[in-house]
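Notes follow once the structure below has been shown.
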Amino acid sequence: MTYRKKMAAGNWKMNGHWAELSEVSTLLERHPNPACDVLLCPPATLLSRMSDMTVDGAVMTGGQDCHTDENGAHTGDIAASMLADAGADYVILGHSERRADHTEEDDDVRTKAKVALNAGLKVIICCGETLAEREAANTLDIIGGQLAGSIPDNVTGENMVVAYEPVWAIGTGKIPTLDQIGEVHDFIRAQLERRFGEGVGRSTRILYGGSVKAGNATEIFAVSNVDGALVGGASLKAGDFSPIIDALEASK
Ligand code: PGA
């Protein structure tokens, strides 16, 4: 079986000021040598400072988005190379909040991924269905389309992670059944193997995201082809995120 290092990724979204960096200190103290990758994606304003704090530690940092262009006249936007310059290892791309709030399409996500990879970042490509799409039994079609459209050709199991995040499970406290999670993760694995071959397909990590908490992490991490989690709300406090890291380290 191909080895895949598990990953616990936290997405702080538009939350956190300087004071909240104390949570990172606590996390670094609690997990000096984690058995899984631990990643925090703070707002861009904290990225440089958080990266400085974690540079010798066991936590990696990432951005939450980047622009499709490498630089230029785009007031308020952030280039992938700037994230890398601020110390980021990763960037989250195609999160459903970006797709909904900023009308990002698969094409945009793919272009951003190319620019990010060129800048030396690793990418977390997000996909997920809405509740209406699930109820219409369109989940796998939607996920298949998003993967085909959003992932560029030059990815490897090293430079890309896929996150499955049902839109209706994000921030709602609702999660799909474990069978539903397993069905989508198995489908994503099969799609990756078909397009990129077994080497890349089997070594790419697939994270589940959407209302992951300490109380449900262990059962989610036991699901087939779940290689970790992308965590929003429960990543803001070390006291909430730490038990999720523990659960991931304990998972097989
Ligand atoms: P949540 O967010 O854990 O707060 O549901 C997950 C995400 O959007 O990545």
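Values below: all heavy atoms of this structure, side chains included; hydrogens, waters and symmetry mates excluded. For ligands, and for the atoms within them, numbers begin at 1 and follow the listed sequence.
Atoms of ligand 1 found under 4.0 Å from any heavy atom of Ser211, numbered from 1 in the order shown, are 1 (P), 3 (O), 5 (O).
Within the 3.5 Å criterion, the main-chain N or O of Ala132 finds no donor-acceptor partner in the side chain of Glu135. Here the side chain of Gln146 pairs no donor or acceptor atom with the backbone of Cys127 at under 3.5 angstrom.
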task = In sequence, state the C-alpha distance, the side-chain angles, and the governing distance for Asp227 and Arg189, and then conclude on salt bridge (Lys or Arg N to Asp or Glu O under 4.0 Å).
result = CA-CA 11 Å; Asp227 302 310; Arg189 174 81 56 221; 3.0 Å; yes

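Applying the salt bridge (charged side-chain N to carboxylate O under 4.0 Å, His left out) test to every pair with at least one member in residues 86-102, sequence neighbours left out, gives these pairs: Lys13-Glu97, Asp65-Arg98, Arg98-Glu104, Arg99-Asp106.
Under a 4.0 Å heavy-atom criterion, Gly210 is in contact with ligand 1. No heavy atom of Gly209 sits closer than 4.0 Å to any atom of ligand 1.
No chain of hydrophobic side-chain contacts below 4.5 Å, direct or via other Ile, Leu, Val, Met, Phe, Trp or Tyr residues, connects Leu140 to Leu207.
Ranked by closest heavy atom to atom 5 (O) of ligand 1, the top entry among Gly232, Ala9, Gly171 is Gly171.
Taking distance alone, with nitrogen or oxygen atoms compared against 3.5 Å, Glu165 approaches ligand 1 more closely than that limit. Inclusion of Gly233 in the set of residues having an N or O under 3.5 Å from an N or O of ligand 1 is warranted.
For Ser22, there are no side chain to side chain contact (heavy atoms under 4.5 Å, CB included) partners at least two apart in sequence or on another chain.
The closest protein non-hydrogen atom to atom 2 (O) of ligand 1 is Lys13 NZ, 3.3 Å.
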